[in-house]
Amino acid sequence: MRQNIIIDTDPGQDDAVAILLALASPELEVLGITCVAGNVPLTKTIYNARQICELSGKIKTPIFAGCDRPMRRDLTTAEHVHGKTGLDGVTLPEPKIKIETTHAVDFIIETLRASPSKSITLCPLGPLTNIGTALKKAPDIADRVQKIVLMGGAYFEVGNITPAAEFNIYVDPEAAEIVFKSGIELIVAPLDVTHKVLTNNEWVSELKTQDNYICNVVAAWTSFFERFDTEKYGTQGAPLHDPCVIAYLIDPDLFAGRSINVEIETKSKLTRGMTVADWWGVTDRSINALFLNNVDAIGYFKLITDRLRKL
Ligand code: RIB
Ligand code: CA
């Protein structure tokens, strides 16, 4: 049966691949794409989401503008990774599709209230500001969400924006705390798993040689954003973070993890945004997340290529 999903996103090249993967996959019904400030400011994440949907050909996918800053913090962006536009690496045409007039937070609330309970999965790929704001504004929706599959956090892989925190959680730790305390079933794709899906020359070359413009665009995006991580980590490729969320929905058997307690640091200046994961069960804190830490990387990249070719 098709899974109804809402993708919440801050595109970002890796978000873009995740969105394309979702739009190319018959298992998923993308009810809407809600944009949030993160990798780049909201105006750019909206523009990028419009370009990505137009590139996919799925121009009827509703796109919504969400929060332009975290719930209680100044915005931190990541142009150093994604470039000034957030989609550096290739120049796409000016998008024609328009965004919806409803605010993303209201779209999430209204859609959950209007749909059968537990029939929609939320797929956050960026800071959790829209999701946290929706849960704060309408606590009743928590019981109506089927599950949340998100990219964010880190434990053994430590942080990528500070020594302690992964970017999505760091940007809006208060929103993350609301999500992780919501009681909603959580599947978390942290750096512990995304650092095991490093792009590689073979994959990029395969994409480049496809007679498929979308594959060629993804190759160009990858070549751009991997330059930062290869230098930082000294690896051949860069982690392709966000498509892990969508790949999990399509084929969860690609992944493995452990159901544990995860709490969010919101008070400390030094460790703000850290996902404190009780991996060894040393506390009696209640289990609230499936924390993924392993993946069949070959199967992951094969799935992405196979699906993108179909767009
Ligand atoms: O830390 C990686 C995450 O931050 C990814 O979602 C990337 O797109 C950025 O949002
Ligand atoms: Ca993202």
Side-chain angles (χ1 to χ4, degrees), residues 6-22 33-42 44-49 52 66-67 69-70 75-89 104 122-131 148-173 175-176 179 187-199 218 221-222 224-230 232-233 235 237-248 264 272-275 291-292 295 304:
I6 293 173
I7 298 176
D8 191 71
T9 179
D10 65 333
Q13 292 91 347
D14 61 322
D15 300 69
V17 180
I19 293 167
L20 291 170
L21 176 60
I33 293 175
T34 52
C35 301
V36 68
N39 284 318
V40 287
L42 180 68
K44 291 183 178 175
T45 60
I46 295 166
Y47 185 85
N48 294 344
I52 296 158
C67 300
R69 54 167 298 151
L75 177 61
T76 303
T77 54
E79 286 91 346
H80 59 290
V81 179
H82 299 274
K84 272 195 79 49
T85 69
L87 278 187
D88 284 30
L122 302 181
C123 303
L125 309 178
L128 291 164
T129 314
N130 286 342
I131 313 299
I148 294 176
V149 187
L150 68 90
M151 191 276 140
Y155 193 59
F156 294 100
E157 281 297 298
V158 295
N160 61 0
I161 190 74
T162 72
E166 177 278 328
F167 178 80
N168 287 341
I169 309 299
Y170 174 82
V171 169
D172 199 337
V179 171
I187 293 96
V188 179
L191 299 182
D192 300 63
V193 73
T194 68
H195 282 187
K196 293 179 178 174
V197 284
L198 299 182
T199 58
V218 170
W221 281 333
T222 303
F224 179 85
F225 81 78
E226 68 183 6
R227 89 217 174 286
F228 176 80
D229 284 323
T230 49
K232 175 174 167 178
Y233 297 116
T235 51
L240 191 61
H241 304 285
D242 291 342
C244 284
V245 169
I246 306 302
Y248 177 86
I264 310 297
R272 156 195 164 171
M274 180 178 180
T275 43
F291 203 75
L292 302 178
V295 55
I304 294 172

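Counting starts at 1 for both ligands and their atoms, in listed order.
The distance from ligand 1 to the heavy atoms of D15 drops below 4.0 Å at these ligand atoms: 8 (O). Residue M151 has at least one heavy-atom neighbour below 4.0 Å for each of these atoms of ligand 1: 2 (C), 3 (C), 5 (C), 6 (O). Each of the atoms 10 (O) of ligand 1 lies under 4.0 Å from some heavy atom of D10. Residue N39 has at least one heavy-atom neighbour below 4.0 Å for each of these atoms of ligand 1: 7 (C), 8 (O), 9 (C), 10 (O). Atoms of ligand 1 found under 4.0 Å from any heavy atom of H241, numbered from 1 in the order shown, are 2 (C). Applying the 4.0 Å criterion to heavy atoms of D14 picks out, from ligand 1, the atoms 5 (C), 6 (O), 7 (C), 8 (O). The ligand atoms of ligand 1 that sit less than 4.0 angstrom from a heavy atom of E166 are 1 (O), 2 (C), 3 (C), 4 (O).
Checked by atom type and distance alone, the side chain of N130 pairs as donor or acceptor with a backbone atom of C67 at under 3.5 Å. In terms of modelled atom types and a separation under 3.5 Å, the side chain of D192 and the main chain of Y155 share a donor-acceptor contact. Not one N or O on the side chain of Q13 forms a donor-acceptor pair closer than 3.5 Å with the backbone of T222. For T199 (side chain) and A238 (main-chain N/O), a donor-acceptor pair under 3.5 Å exists by modelled atom type. Between the N168 side chain and the L128 main chain, no donor and acceptor come within less than 3.5 Å of each other.
At a 4.0 Å heavy-atom cut-off, ligand 1 touches L125 through the backbone alone. Looking at T194 against ligand 1, nothing comes within 4.0 Å, counting heavy atoms.
For atom 6 (O) of ligand 1, the nearest non-hydrogen atom of the protein is D242 OD1, 2.6 Å. From the protein, the heavy atom lying nearest to atom 4 (O) of ligand 1 is N168 OD1, 3.2 Å.
Considering T77, D10, T9 as possible partners of T45, the one that fulfils the side-chain contact (heavy atoms from CB on, under 4.5 Å) test is D10.
At a 3.5 angstrom cut-off on N or O pairs, N160 counts as close to ligand 1. Considering backbone and side-chain N/O atoms, G126 never comes within less than 3.5 Å of an N/O atom of ligand 1.
Backbone or side-chain N, O or S atoms of G12 do not reach the Ca ion (ligand 2) at under 3.0 Å. The Ca ion (ligand 2) has D10 among its coordinating residues (N/O/S atom, backbone or side chain, under 3.0 Å).
Within D242, the N, O or S atom at minimum distance from the Ca ion (ligand 2) carries the name OD2.
Annotation: angle subtended at the Ca ion (ligand 2) by L125 O and D15 OD1 is 140°, to 10°.
To the nearest 0.5 Å, the span separating CG on D15 from CG on D8 amounts to 9.5 Å. Distance check: K196 NZ to L292 CG gives 10.5 Å after rounding to the nearest 0.5 Å. Once rounded to the nearest 0.5 Å, the distance linking CZ of F225 with CG of D14 reads 6.0 Å. The CD atom of E166 sits 4.0 Å away from atom CE of M151, with the distance rounded to the nearest 0.5 Å.
Side-chain atoms of L240 and I304, non-hydrogen and from C-beta on, do get closer than 4.5 Å to each other.
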